[in-house]
*Asks:* 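Below is the structure I would like to discuss, written out as C-alpha cells.
What's counted below: heavy atoms across the whole structure, side chains too, no hydrogens, waters or symmetry copies. Just follow the structure's listing: the first ligand is 1, and inside any ligand the first atom is 1. Source: prediction; values computed, not measured.
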Amino acid sequence: MTKRRASGVLNDNPLASSAKFAWGEAFSLSDAQQRPLVIRAGLFYFPRMTTQPDRREPVAEASVALKRSLAGMTKAELSAALAEAGVPAAQNRMRVTQLWNWIYARGAQDFPDLTNIAKTLRADLDARFTLARPEIAAEQISEDGTRKWLLRLEPQRPGERAPEIETVYIPEPDRGTLCISSQVGCTLTCTFCHTGTQRLVRNLTPAEIIGQILVARDRIGDWPGASAPADGRGIPEAERKITNIVLMGMGEPLYNFENVKDAVAVASDPDALSFSKRRITLSTSGVVPMIERAGAEMGVMLAISLHAVRDELRDELVPINRKYPIAELLAACRAYPSLSNARRITFEYVMLKGVNDSVAEAKELVRLLAGIPAKINLIPFNPWPGTRYECSDWGQIERFADIVNRAGYASPIRTPRGRDIMAACGQLKSASEKLKASALRENTAASA
Ligand code: SAH
Ligand code: SF4
C-alpha cells in the first residue's frame with residue numbers, strides 16, 4: 001500500500017514546535033491554608049505534601065541552588081550524583097546499590113532512615129539532595145476506589161509555570177493497575193480524546209515518570225511494612241497493591257522514547273521497583289517507526305490504539321494514521337518481538353455510537369488482525385464536555401464483542417472506572433481544568 005502523507009500537520013519531532021503552557025496557575029494558598037483542605041466529598045487538596053521545602057519559590061531567584069531529588073534517578077544519574085557528593089570512585093558502585101535499594105525497594109523518604117549508610121555520608125547527601133517526589137496538588141478518590149493524583153512538577157526554567165500531570169490507580173480485588181503519563185499534554189489530536197485538545201507542554205523526564213509510581217506507592221501504602229490508607233477504599237488485599245503499570249495516561253509515550261525507556265529500566269529492575277516487563281504495557285496511537293525499537297529496547301507489552309478498521313475513518317479519529325496508515329501499523333505489530341499467545345498485543349477500540357461500532361466493522365477487525373496474537377479491548381467511550389461523540393449502546397458493544405470473541409480473540413469490555421472523578425481513559429485533561437476552576441473559586445471566596 002502506498003504511504004499517504006498528511007499535509008504538514010504531523011511532525012516527528014513534536015517538541016520542535018514552541019508549545020506553551022496553556023493552563024492558568026492552579027491556585028496559591030496562604031500559609032494558614034497549608035494543610036489538607038477538604039473541598040468536597042472525595043476530593044482533597046494537599047497543597048504542599050512533599051517533605052522538602054517548597055522549591056518553586058527559589059526558581060525566580062536564579063542565585064539559589066536547588067536541591068535535586070535522588071528519588072527517580074536512573075542508575076547512571078545516581079552514580080554521577082554520588083561522585084558529585086564526593087563519594088570515592090571505589091565506593092561508588094556499592095553506594096549506588098544501597099541507595100537503589102532504599103529508594104526503590106523500600107520507599108525511603110528521609111536520609112536519616114538509611115541506616116546502613118554511614119552517618120557522615122547521610123549528612124552529606126542530605127545537604128545536597130532530597131528524596132522528594134513530585135508534589136501532590138490534589139488527590140481524588142472515586143466511589144469505585146479509583147484514585148487520581150494531580151501532580152505538580154518542577155518548572156524547567158526560571159519563571160516557567162509548574163506543569164501538572166495526572167496519574168490514576170485502578171484497584172481490583174486481586175490486582176491494582178497504575179496508569180501513568182508520559183508527557184504534559186499531547187501533540188496528537190485524536191478527536192475523541194480530551195487530552196488531545198490540550199497542547200503539548202513538554203516531555204516528562206525519567207524521574208517524573210518514575211515519580212508517579214513512587215507517589216502512588218506512598219499514598220496507597222505499597223512499600224514493605226507500610227499500611228494502607230485509612231479510608232482503605234478498594235485497596236486489594238494482595239501483597240503488592242500495584243501489580244501492573246500501563247503507559248496510558250496523558251501523552252504519546254513513543255514521542256518521549258528515551259525518557260520512557262529509562263523509566264521502564266528502573267520500573268522493571270528486580271532490585272528497584274521490580275515490575276515484570278510482562279506487567280508493563282505501553283499504549284501507542286501508532287508511531288510506527290518507534291514500535292520496533294520499543295520491542296527491541298524496552299521489551300514491554302504493547303497496546304495499540306486502533307479504534308477504526310478503515311484508513312478514512314482512522315485518519316479522522318487518530319490523525320497520526322495519515323502518516324502511518326493501518327497496513328503499516330499492523331505490519332509493525334506483526335514484527336513485534338516475541339509475540340505468542342502468552343505475549344499478545346492489546347488492540348484498544350473505543351466504542352463510538354454510529355461511528356465505528358457496526359457489525360461489519362467487527363468482522364473487518366477480525367480479518368485485519370488475522371495472524372497477530374491479539375486481545376481486543378473494547379473501551380466504552382468516556383464522554384467529556386463539548387465532545388461530538390456518544391458511547392455506543394451496551395447491546396451494540398456486546399454484539400461487537402461477540403463477533404470478535406467468536407473469531408477466537410479475547411474481547412473484554414473495559415468497565416469504565418473513576419468516571420465520577422473524571423479519571424477514566426481520555427478524560428484526564430478536563431479533570432485538571434475543573435479542579436483549577438473550583439480551586440480558584442474557593443480561593444476567591446476565601447480571600448473575599
Ligand atoms: N497516547 C497513547 C496512550 C494514552 S491514551 C495512546 O493513544 O495510545 C490511552 C487510551 O485511552 C488510548 O487507547 C486512547 O485512545 C483511549 N481514549 C482516549 N480518549 C478516550 C475516551 N474519551 N474514551 C475512551 N477511551 C479513550
Ligand atoms: Fe494523545 Fe493518546 Fe489522546 Fe491520541 S488518544 S490525543 S495519542 S493521549
*Asks:* Any Lys/Arg nitrogen of E361 or R367 sitting under 4.0 Å from an Asp/Glu carboxylate oxygen of the other?
*Replies:* no
*Asks:* Would you call R147-E139 a salt bridge at under 4.0 Å N-O?
*Replies:* no
*Asks:* Within ligand 2, which atoms have a heavy atom of C186 less than 4.0 Å away?
*Replies:* 1 (Fe), 6 (S), 7 (S), 8 (S)
*Asks:* Which of the numbered atoms in ligand 1 are below 4.0 angstrom from a heavy atom of I379?
*Replies:* 24 (C), 25 (N)
*Asks:* Does a salt bridge link R202 with E208, judged by any charged N lying under 4.0 Å from a carboxylate O?
*Replies:* yes
*Asks:* Using distance alone, decide if ligand 1 has a nitrogen or oxygen within less than 3.5 Å of any nitrogen or oxygen in L247.
*Replies:* no
*Asks:* Check the pair T177 / N244 against side chain to side chain donor-acceptor pair (under 3.5 Å), numbers first and verdict last.
*Replies:* CA-CA 5 Å; T177 303; N244 296 61; 4.8 Å; no
*Asks:* Near L188, which atoms of ligand 2 are under 4.0 Å from a heavy atom of that residue?
*Replies:* 6 (S), 7 (S)
*Asks:* Identify whether the distance between the nearest side-chain nitrogen and carboxylate oxygen of E239 and R175 falls below 4.0 Å.
*Replies:* no
*Asks:* Under 4.0 Å, heavy atoms only, figure out whether ligand 1 is touched by the backbone of T284, its side chain, both or neither.
*Replies:* backbone
*Asks:* Run the salt-bridge test on D402 and R406 with the 4.0 Å N-O cut-off and return the result as yes or no.
*Replies:* yes
*Asks:* For atom 2 (Fe) of ligand 2, what is the closest protein heavy atom, and at what distance to 0.1 Å?
*Replies:* G251 O, 4.5 Å
*Asks:* Answer yes or no: does an N/O atom from G249 fall short of 3.5 Å to an N/O atom of ligand 1?
*Replies:* no
*Asks:* One thing to verify: whether D222 and R240 come together as a salt bridge, which I'm taking to mean a side-chain N less than 4.0 angstrom from a carboxylate O.
*Replies:* no
*Asks:* Are K75 and D271 within salt-bridge range, i.e. N to O under 4.0 Å?
*Replies:* no
*Asks:* I'd like to know if E348 and R414 make a salt bridge, using a cut-off of under 4.0 Å between side-chain N and carboxylate O.
*Replies:* yes
*Asks:* With rounding to the nearest 0.5 Å, note down the distance linking CZ in R279 to CD1 in I242.
*Replies:* 13.0 Å
*Asks:* Can you list the ligand 1 atoms lying under 4.0 Å from a non-hydrogen atom of V350?
*Replies:* 23 (N), 24 (C), 25 (N)
*Asks:* As a check for students: among S305, G286, P380, identify the option with a heavy atom nearest to atom 6 (C) of ligand 1.
*Replies:* S305
*Asks:* At a threshold of 2.8 Å, where the distance has to be below it, does atom 3 (Fe) of ligand 2 have an N, O or S atom of C193 nearby?
*Replies:* yes
*Asks:* Which atoms of ligand 2 are found less than 4.0 Å from any heavy atom of S285?
*Replies:* 7 (S)
*Asks:* Using a strict cut-off of 4.0 Å, indicate which atoms of ligand 1 neighbour a heavy atom of C193.
*Replies:* 18 (C), 19 (N)
*Asks:* Could you tell me whether ligand 1 has any atom less than 4.0 Å away from a heavy atom of G251?
*Replies:* yes
*Asks:* Could you tell me whether H194 and ligand 1 have an N or O pair separated by under 3.5 Å?
*Replies:* no
*Asks:* State if W384 counts as touching ligand 1 under the rule of any non-hydrogen atom under 4.0 Å.
*Replies:* yes
*Asks:* Would you compute the distance between atom CD of E77 and atom CG of L70 and round it to the nearest 0.5 angstrom?
*Replies:* 10.0 Å
*Asks:* Output the list of atoms in ligand 1 that are nearer than 4.0 Å to some heavy atom of H307, sorted by atom number.
*Replies:* 13 (O), 14 (C), 15 (O)
*Asks:* Look at atom 4 (Fe) of ligand 2 and say which protein heavy atom is nearest, naming residue and atom and giving the distance to 0.1 Å.
*Replies:* C190 SG, 2.3 Å
*Asks:* Counting heavy atoms only, which part of N382 comes closer than 4.0 Å to ligand 1: side chain, backbone, both or neither?
*Replies:* both
